[in-house]
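For reference, the structure discussed in these notes is given below.
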Amino acid sequence: MQRKIGLMTLLSALLILLVLPGEAFAAPVAGVNAQDQSFLRGAHQAHLAAVAAARIGLRKGDKETRELANQWLTDHSRLDNELRPVAKKLGVDLPARPDSTQQAMLNRYEQTSGPAFDGLWVSTQRQAQASIRRQVEAELTGGQNEEVKNLARRTSPVVAKHAEGLDDNAPAVGAAPGQVDAGRGISPGNRPVIAGTLAAVGVAFLLGSAWLWRRRGTLPESG
């Protein structure tokens with residue numbers, strides 16, 4: 001009976017490890033910690049999504065949305081152009097495209113037109129900018145590499161400027177200003193850090209279970 005319980009415990013631990021994302025097992029990179037890697041990857045995906053959103057906004061938005069989109073295109077392209085060589089220098093692989101949530105947002109843009117598009121663009125870009133701000137806060141709090149932290153510092157005023165632009169444009173599309181969230185939550189860019197922690201816990205649990213199982217197997221049964 002004890003051996004069956006031990007086997008079930010091992011299988012459960014293995015299942016936990018298998019469902020964790022690949023970033024949790026990424027090879028360590030010299031000079032950067034997990035938070036630095038998370039910021040580089042998360043911010044890069046945010047810039048990719050923002051540039052794509054800007055291009056759709058320039059094509060489908062009204063005058064105010066197009067003005068914001070043009071600013072997005074300039075600012076996020078510049079920030080990503082600064083980020084890429086740092087990631088390359090530090091040996092951090094970057095995703096090739098936005099994540100699934102960001103891609104779903106871009107798909108919604110393509111399916112919406114007219115005033116509804118402008119309202120959707122402003123409201124979702126508020127959420128996107130809030131997510132970038134959380135990534136910046138996480139990097140400035142928990143990052144190790146000074147070059148990566150400098151990227152976060154340069155990103156912060158851009159996010160603040162974009163938040164102000166979204167608030168200025170909100171009344172024109174029927175949205176209430178002042179809703180760009182500066183909260184802390186879990187952004188996509190921080191998920192690898194959390195996943196890495198879960199992976200470490202899972203490995204420790206797996207090793208402990210294996211030791212306990214073997215020890216029980218060597219003990220004489222009573223009665």
Side-chain angles (χ1 to χ4, degrees), residues 23 38-88 92-137 139 151-183 185-192:
E23 292 95 333
S38 174
F39 177 79
L40 288 171
R41 294 183 177 119
H44 171 63
Q45 286 186 304
H47 296 324
L48 291 179
V51 167
R55 288 173 176 155
I56 299 173
L58 288 170
R59 176 162 48 87
K60 301 185 68 172
D62 63 10
K63 180 177 181 294
E64 288 79 10
T65 300
R66 291 197 303 272
E67 289 177 354
L68 290 175
N70 190 56
Q71 187 177 81
W72 263 230
L73 186 61
T74 300
D75 291 343
H76 285 282
S77 295
R78 173 178 55 81
L79 289 172
D80 201 43
N81 287 338
E82 294 175 357
L83 182 151
R84 287 173 183 265
V86 174
K88 183 177 181 180
V92 177
D93 294 329
L94 297 177
R97 58 185 62 84
D99 67 27
S100 58
T101 300
Q102 293 162 338
Q103 189 57 57
M105 175 188 70
L106 297 173
N107 292 341
R108 288 180 66 194
Y109 291 162
E110 293 291 4
Q111 297 164 5
T112 311
S113 300
F117 170 82
D118 298 300
L120 176 66
W121 199 92
V122 168
S123 63
T124 51
Q125 285 306 303
R126 280 172 163 169
Q127 297 169 10
Q129 294 299 306
S131 177
I132 299 174
R133 175 170 289 183
R134 289 193 293 270
Q135 292 179 38
V136 167
E137 290 174 348
E139 174 59 25
L151 289 173
R153 292 186 186 101
R154 291 198 291 272
T155 302
S156 185
V158 174
V159 173
K161 181 178 68 173
H162 288 183
E164 182 179 353
L166 289 166
D167 275 354
D168 290 344
N169 193 52
V173 296
Q179 295 177 348
V180 177
D181 178 22
I186 299 173
S187 67
N190 292 333
R191 288 172 189 160

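The shortest side-chain heavy-atom distance between E64 and D118 does not fall under the 4.5 Å cut-off. Q125 places a side-chain heavy atom less than 4.5 Å from the side chain of W72. In this structure, I56 and F117 have side chains that are in contact, with non-hydrogen atoms separated by less than 4.5 Å. Proximity of L68 to D168: side-chain heavy atoms (C-beta onward) are nowhere separated by under 4.5 Å. With contacts defined as side-chain heavy-atom distances shorter than 4.5 Å, the pair L83/L94 qualifies. In this structure the side chain of Q71 reaches within 4.5 angstrom of the side chain of K161, judged on heavy atoms.
Rounded to the nearest 0.5 Å, atoms OG1 (T155) and CD (Q129) are 10.0 Å apart. Distance CG/D75 to CG/N70: 9.5 Å, rounded to 0.5 Å. A distance of 10.5 Å separates CG of D80 from CD of Q45, quoted to the nearest 0.5 Å. In this structure, CG in L106 is found 11.0 Å from OG1 in T101, a value given to the nearest 0.5 Å. From N107, atom CG reaches atom CE of M105 across 10.0 Å, with rounding to the nearest 0.5 Å.
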- Please lay out, stage by stage, how R126 and D167 fare under the test side-chain contact (heavy atoms from CB on, under 4.5 Å). CA-CA 9 Å; R126 280 172 163 169; D167 275 354; 3.5 Å; yes
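When all heavy atoms of A53 and Y109 are compared, the pair lying nearest together is CB-CE1, 3.6 Å. Between S77 and V51 the shortest heavy-atom distance is OG-CG2, 3.6 Å. Nearest approach of E139 to A152, heavy atoms of both residues: CG-CB, 3.8 Å.
K88 NZ: 12 or fewer foreign heavy atoms inside a 6.0 Å radius. The 12-atom threshold is exceeded at CZ of R78, counting heavy atoms of other residues, nucleotides or ligands nearer than 6.0 Å. When the shell of 6.0 Å around CZ of R108 is examined, it contains 12 or fewer heavy atoms from other residues, nucleotides or ligands.
Taking the six-membered ring where the residue is Trp, H47 and H76 present tilted rings, their angle falling between 30° and 60°.
Remark: E137 does not engage R133 in a salt bridge, criterion side-chain N to carboxylate O under 4.0 Å.
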